[in-house]
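Both ligands and their constituent atoms are indexed starting at 1 by order of listing.
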Amino acid sequence: MSQCDAPGLTPVDEALTRILHEVTPIRESEVVSLDQACGRVLAADAISPMNVPPADNSAMDGYAINPGSADPERTPIGLFRQRGVVLAGETFEGVLGRGECVRIMTGAAIPEGTRAVVMQENTEVIDAGVKIDDPYGVREGDNIRRAGEDIAKGAVVLSAGRRLTPSDCGLLASIGVAEVEVIRPVRVSLLTTGDELVAPGTPLSPGKIYESNSFVLQPILARLGAEVSVVHAVSDALADIQKALRDAAAQADIIITSGGVSVGEADFTREAVTSLGRLDLWKLAMKPGKPLAFGQVDNALFLGLPGNPVSALVTLHQIGLVVLRTLAGEQVAPRLRIPAIAQGRLRKRPGRTDFQRGIAELHAAGQWQVRSTGAQGSGILSSVSQANCFIVLEQERGHVEAGETVMVEMFDQWLC
Ligand code: AMP
Ligand code: MG
């Protein structure tokens with residue numbers, strides 16, 4: 001049962017839990033070369049076949065020294081006999097004896113017998129040898145990067161379900177990985193519905209509006225690495241929507257529609273889904289986004305986004321992305337929200353979680369402050385374009401007065 005005061009509306013967290021219960025992550029994988037792997041989801045743990053760094057090496061340009069068995073805290077302040085030079089990529093053949101040193105460059109392998117590396121700034125070459133004069137003394141192991149100190153051979157460097165970032169790809173390169181097994185892309189069928197919609201670039205006759213939702217939704221899906229096929233402006237007729245859904249279900253893991261899920265006389269999407277499959281959930285306690293619907297058509301998941309442009313964006317971001325990322329095999333981390341002081345009054349009715357659009361700034365005292373972008377109608381897409389965050393107002397909260405604390409969620413990589 002819904003714990004929501006507003007009858008028939010499912011609270012956002014509960015809805016997400018119920019929806020995710022129906023999502024079986026894709027397991028099929030493919031192998032891609034590392035330079036194509038960024039943004040893909042790892043299909044299996046990445047295990048290091050080697051130590052990183054592979055051998056002890058110098059963290060500084062300077063001298064590798066062997067002060068012998070004497071206390072290394074004090075004795076390095078003295079004269080050493082230089083045995084040679086070792087550059088990055090080279091090795092020094094031989095063993096450093098007591099009182100000996102080797103000039104060494106950053107990244108070069110540490111010669112056998114070395115006790116520490118002294119940075120060049122604390123050394124001086126004189127006729128009699130190399131004078132080491134470190135004002136802080138030199139401790140055993142100073143300026144030596146140990147083999148395996150970054151990554152030990154056999155360690156799990158990245159876990160299955162990780163969406164690979166640029167630094168992850170660098171990490172994989174550093175352990176010699178050239179190919180990666182990743183989950184295959186999610187196949188999405190995106191349908192926009194509405195007899196009033198015409199494509200930008202064509203004349204607008206009376207009663208029509210330009211179709212904008214696909215221009216919001218498609219780039220977000222592209223950032224996710226999904227394979228998207230789009231059917232624009234399916235007409236508001238039950239048979240047409242049924243046909244479009246049936247065709248979509250034959251090729252997609254998930255069908256995402258916009259429009260036609262509300263209670264208007266031309267809203268046939270839910271009826272079409274029910275006739276072909278099943279509707280698991282309809283109407284969320286969220287604003288914007290109340291008419292969101294979820295279900296299945298044949299073997300494809302169905303996510304019905306509301307038609308209003310801000311509602312479509314917010315529901316794809318808050319619900320759809322979690323569904324799609326889970327479907328894509330990703331381990332999805334909880335969203336990051338931070339407290340901020342409301343700079344002005346925010347109008348809000350209890351009963352739904354609001355995702356108002358705001359502009360957050362960090363003020364001098366280290367305090368986040370946030371203000372509304374203004375009119376918050378679910379058709380006002382400019383409220384999102386001007387914003388840098390959602391102001392997330394809890395379901396049972398009423399109006400927010402200036403000075404009260406609210407939670408904000410900064411726009412993430414899917415929206416920026
Ligand atoms: P609906 O949910 O189909 O009743 O649509 C709600 C509102 O969103 C209506 O004003 C529609 O004209 C508008 N709308 C629906 N789909 C789109 C779209 N793809 N692009 C722009 N506006 C849309
Ligand atoms: Mg419509």
Test item: T315 and M286 side chains (from C-beta on) under 4.5 Å apart, heavy atoms: yes

P111 and I104, any side-chain heavy atoms less than 4.5 Å apart: yes

Nearest protein heavy atom with distance in Å, relative to atom 13 (C) of ligand 1: G307 O, 3.8 Å

Atom 17 (C) of ligand 1: the protein heavy-atom neighbour that sits closest, reported with distance to 0.1 Å: N213 ND2, 3.4 Å

Residue of the set M407, Q318, M410 for which side chain to side chain contact (heavy atoms under 4.5 Å, CB included) holds with R335: Q318

Nearest-contact summary for atom 11 (C) of ligand 1 - protein heavy atom, Å: E196 OE2, 3.0 Å

Nearest-contact summary for atom 7 (C) of ligand 1 - protein heavy atom, Å: N308 OD1, 3.3 Å

Per-atom contacts of ligand 1 with E211, taking only distances under 4.0 Å to non-hydrogen atoms: 18 (C), 19 (N), 20 (N)

Nearest-contact summary for atom 20 (N) of ligand 1 - protein heavy atom, Å: S212 N, 2.9 Å

Atom 22 (N) of ligand 1: the protein heavy-atom neighbour that sits closest, reported with distance to 0.1 Å: I209 CD1, 3.5 Å

Aromatic ring pairing H317/F390, orientation class (parallel under 30°, perpendicular over 60°, tilted between): tilted

Positive for side chain to side chain contact (heavy atoms under 4.5 Å, CB included) with L281, one of L16, I19, I319: I19

Ligand-side contact atoms (ligand 1) for residue partner D267, heavy atom cut-off under 4.0 Å: 3 (O), 4 (O)

Atoms in ligand 1 with a heavy atom of S258 nearer than 4.0 Å: 19 (N)

For atom 3 (O) of ligand 1, the option (of G260, A266, G379) bearing the nearest heavy atom: G260

N122 side, atom CG; I132 side, atom CD1 - distance, nearest 0.5 Å: 8.5 Å

Charged N-O contact under 4.0 Å between D280 and R278: yes

